[in-house]
**Student:** 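One structure is given below, represented as structure tokens, and several questions about it will come after.
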2 protein chains.
Amino acid sequence: MRPDTDPQIRHLHLFRDMAQAHFADLMTASYVQAFPPGLEMIRQGDPADFLHIVLEGSVELVGQWAGRECTMAVVRPVSTFILAACIRDAPYLMTARTLERTRIVLVPASDLRAMFRRDAEFAVAVINELAACYRSVVRNAKSMKLRNSRERVASYLLRQSMLAGGVPTYTLAVEKRLLASYLGMTPENLSRTLKSLEADGVKIDGARVIITDRTRLTALVQPDKLIDGPDPVADSTGSGLPLTYG
Amino acid sequence: MRPDTDPQIRHLHLFRDMAQAHFADLMTASYVQAFPPGLEMIRQGDPADFLHIVLEGSVELVGQWAGRECTMAVVRPVSTFILAACIRDAPYLMTARTLERTRIVLVPASDLRAMFRRDAEFAVAVINELAACYRSVVRNAKSMKLRNSRERVASYLLRQSMLAGGVPTYTLAVEKRLLASYLGMTPENLSRTLKSLEADGVKIDGARVIITDRTRLTALVQPDKLIDGPDPVADSTGSGLPLTYG
DNA sequence: CGAGCGGTTGAGGCATGTCAAGAGTTGTGG
DNA sequence: CCACAACTCTTGACATGCCTCAACCGCTCG
């Protein structure tokens with residue numbers, strides 16, 4: 001592994017507390033790889049051989065069944081994904097596809113599994129990471145089951161504004177098509193919903209989001225810590241859709 | 001803690017591999033409590049003070065928002081719940097309510113958190129448990145987003161048959177009202193859907209499920225390991241709805 | 001017995017998906 | 001540099017899945 005990539009990875013909560021020698025061991029067993037945009041780097045069902053760490057670019061995690069598919073998450077630098085599959089030495093549950101040119105660190109799953117038996121601090125970090133990831137998916141599931149599509153869109157828009165520091169205007173980080181899939185609806189429906197939300201305090205101009213009446217929007221969304229976070233997920237970078245997916 | 005309850009707990013994957021002395025420490029700090037049916041033992045948002053272990057009875061985990069609620073899981077003996085909240089020392093994401101008279105072991109969260117720093121085997125067990133729980137929720141989320149309500153009902157019915165050993169007939173373990181909520185639909189709709197499924201190989205007579213044409217039902221469901229399990233969740237007892245919820 | 005509750009059934013309405021067409025944008029190759 | 005293809009996004013018309021409301025049955029339990 002090229003040592004210049006180490007520092008960013010070392011700062012992740014997952015690796016922050018482990019012994020330097022152990023971290024080095026993991027890194028020498030790993031390697032960096034670059035993928036072109038739109039490439040399917042993992043197919044769901046494949047055996048989980050590597051923990052993936054996104055250094056640059058972005059990766060979409062999608063679930064597939066019976067010819068249908070839906071976006072489960074978007075992973076952005078610097079964070080990890082499919083930790084749980086590696087730990088259980090089980091098949092990936094989601095397909096991973098690059099959204100743009102992406103650089104990834106691949107850490108062999110077997111080394112990973114051996115490491116948390118050697119390094120107690122690392123084991124604790126893995127525990128915390130997994131617990132955070134678990135809670136993140138539960139919140140997601142709650143959102144899907146308790147809110148209708150309009151409420152999900154509104155809460156997404158408001159949350160992104162908060163993540164950006166409470167700004168009144170920002171630009172969407174993902175294509176609307178993808179966002180629709182993530183929110184569990186069709187692109188056509190998202191388009192219509194976005195327009196209808198102008199009556200509730202958000203205006204959309206292309207990829208630009210302008211919050212025109214925060215009070216009104218907040219009233220509609222009824223933000224809830226037990227759905228919309230926090231639980232500052234381990235290596236959150238404040239970007240993207242959810243935060244980290246194990 | 002009464003020592004007669006120890007063996008069942010000790011057999012859980014979560015506690016199986018830890019040192020006996022450490023297990024004893026955890027148990028002496030814990031205590032058993034019995035709850036009447038329909039009691040709300042945990043309210044979502046409360047601080048997570050105790051890991052819960054169901055010894056007898058059953059517990060419903062529900063998510064709530066804006067006056068609505070939905071069943072996220074049903075926990076049956078012997079298994080644990082809300083492990084993740086305890087580990088992160090964060091508020092419970094779900095409300096827990098007994099479905100019948102239920103005996104619960106309460107393990108102080110602080111002891112738990114201290115213990116996986118002392119006992120490496122326990123730490124590994126927690127890692128495995130959390131990873132399994134995580135994957136379980138992801139599968140659940142995939143099911144909700146990729147299948148329509150009819151497909152979810154059919155897959156549930158078929159899966160329960162498989163869990164019971166591939167039997168052609170069995171009785172539902174939960175009320176239909178609750179099942180509807182778990183599957184993300186209204187009771188009325190579940191009722192209609194169940195009737196309509198007679199054309200696809202399952203007949204329902206009260207709480208009795210009779211699979212009349214397994215081939216046909218299987219064709220409809222298109223069972224998928226990446227949605228319907230396995231990943232033999234840690235302390236699965238082969239009963240109830242999902243299996244274990246962290 | 002009567003109240004309460006779970007389950008079923010029907011009628012009607014809203015939300016969401018489907019299909020189709022067109023505008024705008026991006027990327028590519030001649 | 002332009003032409004073209006491919007793609008996203010939007011909009012409209014239409015179909016349908018799912019929910020709501022209401023009534024009724026049967027069961028359980030005080």
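Heavy-atom basis, side chains included; hydrogens, waters and symmetry copies ignored. Since we're looking at a predicted model, the values are computed, not measured. Throughout, a chain's letter reflects where its sequence line sits, starting with A, and its residues are numbered from 1.
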**Student:** Hey, are R68(A) and E151(B) close enough for a salt bridge, meaning a charged N less than 4.0 Å from a carboxylate O?
**Tutor:**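 Looking at R68(A) and E151(B), the cut-off is met.
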**Student:** Check whether any side-chain N or O of T98(A) sits under 3.5 Å from a backbone N or O of L39(A) as a donor-acceptor pair, and report yes or no.
**Tutor:**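 Answer holds: yes.
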**Student:** Is any side-chain heavy atom of L93(A) closer than 4.5 Å to a side-chain heavy atom of M72(A)?
**Tutor:**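 Result no, sub-4.5 Å side-chain heavy-atom pair not found.
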**Student:** Parallel, tilted or perpendicular, judged at 30° and 60°: which one describes the rings of F81(A) and H52(A)?
**Tutor:**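 Judged by the thresholds at 30° and 60°, the geometry between F81(A) and H52(A) is tilted.
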**Student:** Identify each atom pair where a protein N or O and an N or O of nucleotides 26-30 of chain D are less than 3.5 Å apart, giving names and distance.
**Tutor:**
none

**Student:** Would you mind checking if R150(A) and D200(A) are paired as a salt bridge, meaning a charged N to carboxylate O distance below 4.0 Å?
**Tutor:**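 Looking at D200(A) and R150(A), the cut-off is met.
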**Student:** Find out whether L51(B) and L106(B) are in side-chain contact, i.e. whether some heavy atom of one side chain is under 4.5 Å from a heavy atom of the other.
**Tutor:**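 L51(B) does not reach L106(B) side chain to side chain.
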**Student:** Check this for me, if you would: do R43(B) and E40(B) make a salt bridge, where the nitrogen-to-carboxylate-oxygen distance has to be below 4.0 angstrom?
**Tutor:**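 Judged by the 4.0 Å cut-off on N to carboxylate O distance, R43(B) and E40(B) do form a salt bridge.
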**Student:** Go through residues 184-194 of chain B and report each residue with a non-hydrogen atom lying under 4.0 Å from DNA chain C, sorted by number.
**Tutor:**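 Contacting residues: E188(B), S191(B), R192(B).
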**Student:** For S58(B), give me all partners under side chain to side chain contact (heavy atoms under 4.5 Å, CB included), at least two apart in sequence or on another chain.
**Tutor:**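 Partners of S58(B) under the side chain to side chain contact (heavy atoms under 4.5 Å, CB included) test: V74(B), R76(B), L99(B), E100(B).
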**Student:** 5' to 3' on DNA chain C, which nucleotides open and close the contacts with chain B (atom under 4.0 Å from a heavy atom)?
**Tutor:**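 It runs dG6(C) to dA11(C).
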**Student:** Whole Å only: how far is the CG atom of L183(B) from the P atom of dC19(D)?
**Tutor:**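 It is 11 Å, rounded to the nearest whole Å.
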**Student:** Which residues pass the side-chain hydrogen bond (donor to acceptor under 3.5 Å, both in side chains) test with E69(A), sequence neighbours left out?
**Tutor:**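 With sequence neighbours excluded, E69(A) shows a side-chain hydrogen bond (donor to acceptor under 3.5 Å, both in side chains) to Q64(A), R97(A), given in chain and number order.
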**Student:** Expressed in angstrom and rounded to an integer, what is the separation of E175(A) atom CD from dC7(D) atom C1'?
**Tutor:**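 Answer to the nearest Å: 9 Å.
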**Student:** Can you name the closest pair of heavy atoms from T95(A) and I42(A) and give their distance?
**Tutor:**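 The pair with the smallest heavy-atom distance is CG2-O, 3.1 Å.
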**Student:** If a pair means Watson-Crick or G-U wobble with both distances below 3.5 Å, what does DNA chain C look like in dot-bracket form, with | marking bases paired to a different strand?
**Tutor:** ||||||||||||||||||||||||||||||
**Student:** Check the distance between dT10(D)'s P and R177(A)'s CZ and give it to me in whole angstrom.
**Tutor:**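 Computing the R177(A):CZ to dT10(D):P distance gives 12 Å.
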**Student:** Rounded off to whole Å, could you give me the CD-to-P distance for the E151(A) and dC19(D) pair?
**Tutor:**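 One finds 14 Å between P of dC19(D) and CD of E151(A), rounded.
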**Student:** Does the pair D228(A)/K142(A) count as a salt bridge with the N-to-O cut at 4.0 Å?
**Tutor:**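 A salt bridge is absent here (no side-chain N lies under 4.0 Å from a carboxylate O).
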**Student:** Looking only at atom types and distance, does a side-chain atom of T169(B) sit under 3.5 Å from a main-chain N or O of V209(B), one as donor and one as acceptor?
**Tutor:**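 At least one qualifying donor-acceptor pair exists.
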**Student:** Ignoring hydrogens and geometry, is there a side-chain-to-backbone donor-acceptor pair from Y170(B) to L157(B) under 3.5 Å?
**Tutor:**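 Checked: pair present.
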**Student:** How long is the line joining CE of M144(B) and C1' of dG17(D), in whole Å?
**Tutor:**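 Checked: the CE to C1' distance equals 14 Å.
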